[in-house]
Q: 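My structure is below; once you've seen it, I'll send some questions.
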Number of protein chains: 2
Amino acid sequence: MEKRRITLKDIAMASQVSIATACDVLNNKPRTRVSETTRQRILETASRLGYQPHRGARSLRTNLHHLIAVSVLLAPEMPFSPFASELVSGAFKAAREEGWHITVSGYRDIQEELRQLEEIIAERSVDGVIIYEPVEDDPRISLLKGKMPFVLIGSYEKEEVYSVDLDNEGAAFMATQHLIALGHHHIALVSAPRHYLTCRSRQRGYRQALLQAGIPFDQSFVVEVEEYSSQAGAQALEILLQRNQPRPTAVVAMDDSLALGIIYKAHQHGLHVPDDLAVVGFNDARYTEYSEPSLTTVRVFAEAMARQATQMLIRLIRQEPVGARHIVMPAQMIIRRSCGSWKKGKSVFQNDAGSKGGY
Amino acid sequence: MEKRRITLKDIAMASQVSIATACDVLNNKPRTRVSETTRQRILETASRLGYQPHRGARSLRTNLHHLIAVSVLLAPEMPFSPFASELVSGAFKAAREEGWHITVSGYRDIQEELRQLEEIIAERSVDGVIIYEPVEDDPRISLLKGKMPFVLIGSYEKEEVYSVDLDNEGAAFMATQHLIALGHHHIALVSAPRHYLTCRSRQRGYRQALLQAGIPFDQSFVVEVEEYSSQAGAQALEILLQRNQPRPTAVVAMDDSLALGIIYKAHQHGLHVPDDLAVVGFNDARYTEYSEPSLTTVRVFAEAMARQATQMLIRLIRQEPVGARHIVMPAQMIIRRSCGSWKKGKSVFQNDAGSKGGY
DNA sequence: CTGAAAGCGCTTACAG
DNA sequence: CTGAAAGCGCTTACAG
C-alpha cells in the first residue's frame with residue numbers, strides 16, 4: 001500500500017529550482033515573480049508527479065491542522081435532524097473546497113459535548129469550531145472564547161461573535177402572517193424553551209405579525225417545550241387544548257417534528273387538520289411532504305448557511321479579512337395542505353417548491 | 001490565543017530524563033522498564049503541564065493522520081437518514097476514544113463522492129475509510145482496494161473485505177414471520193434495487209419466512225424502487241395495487257420512509273392501515289412513532305455498528321490483529337400499530353422497547 | 001538498558 | 001531577487 005511519497009524536494013529537483021522556490025510557487029506566495037516559464041514548469045511537474053503536500057509536515061510548520069470541528073447538539077431521541085444533516089454536508093463541501101476536513105461530534109448530552117470540546121481545545125487538534133444551535137449563555141462559547149476561533153450557526157446576544165443565522169424573525173413573521181391571511185385569529189405558537197435564542201427571535205416575528213394584524217397577543221397561546229420531538233409537540237397541543245381559552249384554530253410549530261406530534265394529537269382529539277386546526281411547521285424535513293395531511297412548513301437553507309459559516313471560519317483562522325461579522329439568510333414558505341390554504345384558495349405567498357409535486 | 005505549546009522536550013527536562021524516554025513512557029512503549037518511580041514522575045509531569053502531543057509532528061513521523069473518512073451516500077431527497085446519523089455519532093465516539101477524528105462526506109451523487117474519495121486518496125489526508133451502504137461492484141471499493149484500508153458497513157459479495165453488517169436476512173425473516181403469525185398470506189415486499197446488497201439479503205430472509213410457513217413465493221409481490229423515499233413507497237403501493245393479483249394484505253418495506261409513503265397511498269385509496277393493509281417498516285426512524293398509525297418497524301443498532309467498524313478500521317490501520325473479518329449484528333422488532341398485532345393480541349415477538357411508551 | 005542524534009516534509013527568516 | 005539552512009515536535013535506529 002505504500003508508494004514512496006512525492007515531496008517538494010522531488011518537484012524542486014525535477015524542475016531544477018530550489019525547494020523554496022517550488023514551495024512558493026505551489027503555495028502561490030507573492031515573492032518575486034519567478035519567470036513565468038519556470039513557474040509553469042514547476043506547476044506542470046507537480047501535477048505530472050501528482051504532488052500532494054504532506055498535511056502533517058505542513059501542520060508541524062504552520063500549526064494549522066486544516067481541520068474544523070462541527071459541534072451539533074442532538075435532541076435526546078433524535079439523531080441528526082434533517083437540518084443538522086444538511087449543515088454537515090454543507091460544512092464538508094465548503095471545507096473540502098479549501099482542502100480542509102471537518103470532524104463532527106454530535107452528542108445528546110451537553111456535558112459530554114463540553115468534555116469533548118475541552119479535549120479538542122487541549123489537544124489543539126482542530127483549528128476552529130462551528131457551533132450549531134447556541135443557547136443563552138452557551139457554555140460552549142465560554143469554553144472557546146479566546147482559546148480558539150469559532151463561528152455560530154444561530155445568533156447570540158451576550159457577546160460579539162461571528163455568526164451565520166436564519167432570519168428567524170422574518171420567517172416566523174411569514175408563517176404567522178400566512179395563517180392570519182387565511183382568517184385565523186387564535187394562533188398558537190409551539191416553541192423550544194426561551195433560552196434557545198432562535199426561538200426568541202421567532203417569537204418576536206410571531207408577535208410582530210399579530211401586532212400588524214391588530215390581533216392581541218395572548219401569552220397563554222405560547223407553549224414552550226423542552227425539545228424538538230413529536231412527543232413534545234403532542235404534549236404541547238394537549239396543554240393548549242386543556243387551557244380555558246377559545247381553542248386555537250391554528251398553530252405555528254418551531255420544528256416539523258413538533259408539528260407532526262401536534263397533528264397526531266389533533267387526530268386523537270377528533271380534530272381535523274386543517275379544518276379544525278391549521279398547522280405550520282418549520283425546517284422542511286423532507287418526509288413531512290408525506291405526512292397526513294402533508295405539512296406546510298418554512299424551509300431553511302441549512303446547507304448554504306453551513307457553507308457560509310465554514311468559509312467565514314476558515315478566513316478567521318487564516319486571519320484573513322472576514323467581511324460581515326453576521327450573515328443573515330432568508331427562509332421560504334412551502335405551502336402544502338396542513339395550513340388549509342388550498343381549500344380557501346388564497347395565500348399571501350407564492351407556492352414555488354410546493355407546487356412542483358415533489359422537489 | 002497562542003500560549004507556547006508544551007512539548008516532549010519540556011516534559012523530558014522537567015522530569016530529568018531524555019526525550020526518548022519521555023516519549024516511550026508516554027506512548028506506553030515496551031522498551032525496558034524505566035524504574036516505576038521515573039515512569040510515574042514523567043506521567044505526572046505530563047499531566048501537570050497538560051502535555052498534548054502535536055498531531056502534525058506525530059503524523060509527519062509516523063505517516064498517520066489519525067483521521068478516518070466516513071463515506072455515506074445520501075438518497076436524493078434525503079439528508080442523512082436517521083440510520084446514517086447514528087452511524088456518524090457512533091463513528092465519532094469510537095474514533096475519539098482512540099484520539100482520532102472522523103471526517104464525513106455525504107454526497108447525493110456517486111460521481112461526486114468518487115471524486116471526493118479520489119482526492120482524499122491522492123492527498124493521503126486520511127488513514128482509512130468507512131463505507132456505508134455498498135452496492136454491487138461498488139466503485140468506491142475498487143477505488144480504495146489496495147490503496148487504503150477500509151471497512152464496510154454492510155456486506156459485499158465480490159471480494160473479501162472487512163465489514164460490519166446487520167443480520168439483514170434474519171431481520172427480514174423476523175418482520176415477515178411477524179406478519180405471517182398475524183394471519184397474512186399475501187405479503188408484499190418493497191425493496192431497494194437488487195444491486196443494494198443489503199436488500200438482497202433481506203429478500204432472502206423474506207423468502208425464507210414464506211418458505212417456512214409454506215406460502216408460495218410470488219415474484220410479483222416484490223417491488224424494487226430506486227430510492228428510499230416516501231414518494232417511492234407511494235409509487236410502489238400503486239404498482240402493487242394495479243397488478244391483477246389478489247391484493248396484498250400486508251407489506252414489508254425496507255425503509256421507514258418507504259413505509260410512510262405506502263401508508264399515505266393506502267389512505268388515498270381508502271384502505272385502512274392496518275385493517276386493510278398491515279405495514280412493517282425498517283430502521284426505526286424515530287418520528288415514525290408519531291405517524292398515523294404509528295409504525296411497526298425493525299430497529300437497527302446503527303451506532304453500535306459504526307463503533308465496531310471504526311475500531312476495526314483503526315486496528316487495520318495500525319496493523320494490529322483485527323479479530324473477526326466480518327461482524328454481524330442483530331436487529332430488533334419494534335411493535336407499534338401499523339401491523340395490527342395490537343388488535344389481534346398476538347405476536348411472536350416480545351415488545352420490549354415499543355411498550356415503554358417512548359421508544 | 002538508555003540517550004544523542006537523525007530525519008519525517010514542509011515553511012520562512014536569513015544570508016548572499 | 002533567490003537559495004541554503006534552520007527548525008517545527010515527534011519517533012526510532014543506532015551508538016554507547
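A note on names: the letters A, B, ... follow the listed sequences, proteins ahead of strands, and every chain is numbered from 1. No experiment lies behind these values; they were computed from the predicted model shown.
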Q: From the list C/dA4, C/dG7, D/dA4, which nucleotide is the closest neighbour of the side chain of B/R61?
A: C/dG7
Q: Can you tell whether the side chains of B/E44 and B/R48 come within less than 4.0 Å, N to carboxylate O?
A: yes
Q: Do B/S15 and B/T45 pair up side chain to side chain, a donor and an acceptor below 3.5 Å, judged on atom types alone?
A: yes
Q: Heavy atoms from C-beta onward define the side chain here; which of D/dG9, C/dA4, C/dC10 lies closest to that of B/A20?
A: C/dA4
Q: Can you check the distance between D/dC14 and C/dG9, where both ends of the measurement are the C1' atom (answer in whole Å)?
A: 22 Å
Q: From CZ of A/R5 over to P of C/dC8, roughly how many Å is that when rounded to an integer?
A: 13 Å
Q: Consider the side chain of A/L8, meaning its heavy atoms from C-beta on, and name the nucleotide among C/dC10, D/dT11, D/dG9 that approaches it most closely.
A: C/dC10
Q: Could you tell me if A/N63 and A/R58 have a donor-acceptor pair between their side chains, going purely by distance under 3.5 Å?
A: no
Q: For the pair made of NZ in B/K9 and P in C/dA5, what is the distance, rounded to whole Å?
A: 13 Å
Q: Looking at B/E118 and B/R140, does any basic side-chain N land under 4.0 Å from a carboxylate oxygen?
A: no
Q: Within the supplied structure, the quantity of interest is the number of heavy atoms (other residues, nucleotides, ligands) at a distance under 6.0 Å from A/Q16 CD; does it exceed 12?
A: no
Q: In whole Å, I'd like the distance from the NE2 atom of B/H54 to the C1' atom of C/dC8.
A: 14 Å
Q: Check the orientation of B/H54 and A/H65. Use parallel for under 30°, tilted for 30 to 60°, and perpendicular for over 60°.
A: tilted
Q: If you check the A/T62 side chain, which of C/dC10, C/dT11, D/dC10 turns out closest?
A: C/dT11
Q: Check this for me: does any side-chain nitrogen of one of B/E123 and A/R96 sit under 4.0 Å from a carboxylate oxygen of the other?
A: yes
Q: Measure from the side chain of A/R58, starting at C-beta and using heavy atoms only, and say which of C/dC10, D/dG9, D/dT11 lies closest.
A: C/dC10
Q: Separation of A/Q16 atom CD from D/dT2 atom C1', in whole Å?
A: 16 Å
Q: How close or far is atom P of D/dG3 from atom CD1 of A/I19, stated in whole angstroms?
A: 11 Å
Q: Find the distance B/I42:CD1 to C/dT2:P and express it as a whole number of Å.
A: 10 Å
Q: Does A/G56 or B/V17 map to a spot on DNA chain C nearer the 5' end, using the closest nucleotide for each?
A: B/V17
Q: Grab the CZ-P distance between A/R124 and D/dG9 for me, whole Å please.
A: 10 Å
Q: With side chain to side chain donor-acceptor pair (under 3.5 Å) as the test, would you mind laying out the steps for B/H101 and A/S125 before giving the verdict?
A: CA-CA 9 Å; B/H101 283 283; A/S125 60; 3.0 Å; yes
Q: In whole angstrom, give the distance that lies between atom CG of A/L26 and atom P of C/dC10.
A: 10 Å
Q: Report the stems of DNA chain C as range-with-range entries sorted by first number; a stem here is at least three consecutive pairs, Watson-Crick or G-U wobble, both distances under 3.5 Å, and write none if there are none.
A: C:1-3 with D:14-16, C:5-12 with D:5-12, C:14-16 with D:1-3
Q: Considering only C/dA4, D/dC10, C/dG9, which nucleotide approaches the side chain of A/T7 most closely?
A: C/dG9
Q: Please tell me which of the listed nucleotides, D/dT11, C/dT11, D/dG9, lies nearest to the side chain of B/N27?
A: D/dT11
Q: Is the phosphate of C/dG3, meaning OP1 or OP2, less than 4.0 Å from a side-chain N or O of B/T21?
A: yes
